[in-house]
Peer 1: 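I have a structure I would like to understand better, so I am pasting it below and will then ask my questions one at a time.
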Amino acid sequence: KTKTCVLYKDGKLVAWGWQAEMMALETSQREFRGSDVQMLEKFKLCLAEGSFDAPNLPGGVSVEDVIQYYLKCISTLARQRYEEAFVSVAERETRWCLTVP
């Protein structure tokens with residue numbers, strides 16, 4: 001299962017999923033000093049009715065932006081892995097299902 005998280009540094013998205021969590025854990029406090037680093041998690045919950053409070057986001061970034069970027073990353077990875085194992089599939093032939101807990 002892919003972790004629902006993204007890592008921002010100085011207002012730019014630098015990693016998503018498990019890579020984001022590993023980068024946050026492996027990066028020393030000294031590397032973070034003087035920079036604006038934010039790990040965002042559980043942002044899919046903001047899509048639910050009676051939505052949860054939005055996480056503290058970098059300036060100019062909305063929850064929708066974060067979710068859109070995350071979904072683009074995960075769909076690109078899924079397509080790459082599928083094509084490595086099987087065959088190429090046209091995007092218009094792909095159906096996605098997003099669940100919100």
Peer 1: Does Gln38 form a side-chain contact (heavy atoms from CB on, under 4.5 Å) with Leu7? I'd like the steps, not just the answer.
Peer 2: CA-CA 6 Å; Gln38 289 179 275; Leu7 181 67; over 6 Å; no
Peer 1: Please list all pairs passing the salt bridge (charged side-chain N to carboxylate O under 4.0 Å, His left out) test where one or both residues lie in residues 56-70, with sequence neighbours left out.
Peer 2: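 Of all non-adjacent pairs touching residues 56-70, none passes salt bridge (charged side-chain N to carboxylate O under 4.0 Å, His left out).
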Peer 1: Considering residues at least two apart in sequence or located in another chain, which fulfil the ring-ring contact (aromatic ring centres under 6.0 Å, His included) criterion with Tyr69?
Peer 2: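 For Tyr69, no residue satisfies ring-ring contact (aromatic ring centres under 6.0 Å, His included) once neighbours in sequence are set aside.
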Peer 1: Report the C-alpha separation of Leu71 and Trp96 in whole Å, then their side-chain angles, then the decisive distance to 0.1 Å, and conclude whether the side-chain contact (heavy atoms from CB on, under 4.5 Å) test is met.
Peer 2: CA-CA 10 Å; Leu71 292 176; Trp96 298 99; over 6 Å; no
Peer 1: Using a 3.5 Å cut-off and no angle test, enumerate the donor-acceptor pairs between side-chain atoms of residues 14-24 and protein atoms at least two apart in sequence or in another chain.
Peer 2:
{"residue": "Trp18", "atom": "NE1", "partner": "Lys1", "partner atom": "O", "Å": "2.9"}
{"residue": "Glu21", "atom": "OE1", "partner": "Lys3", "partner atom": "NZ", "Å": "3.4"}

Peer 1: Do Thr94 and Arg79 have side chains that approach each other closer than 4.5 Å (heavy atoms only, starting at C-beta)?
Peer 2: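 They are in contact (side-chain heavy atoms under 4.5 Å apart), so the answer is yes.
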Peer 1: Can you tell me which residue pairs pass the salt bridge (charged side-chain N to carboxylate O under 4.0 Å, His left out) test with a partner in residues 67-78, sequence neighbours excluded?
Peer 2: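 Not a single pair qualifies under salt bridge (charged side-chain N to carboxylate O under 4.0 Å, His left out).
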Peer 1: State which residues pass side-chain contact (heavy atoms from CB on, under 4.5 Å) with Arg81; sequence neighbours excluded, sorted by chain then number.
Peer 2: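 Testing Arg81 for side-chain contact (heavy atoms from CB on, under 4.5 Å), a comparison that skips the adjacent residues, returns Leu77, Glu84.
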Peer 1: Among all residues two or more places apart in sequence or in another chain, which pass the side-chain hydrogen bond (donor to acceptor under 3.5 Å, both in side chains) test with Ser75?
Peer 2: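 Scan of Ser75 (side-chain hydrogen bond (donor to acceptor under 3.5 Å, both in side chains), adjacent residues dropped) gives none.
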Peer 1: In terms of heavy-atom contacts, does CD of Glu83 have more than 12 from other residues, nucleotides or ligands at under 6.0 Å?
Peer 2: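 Enclosed.
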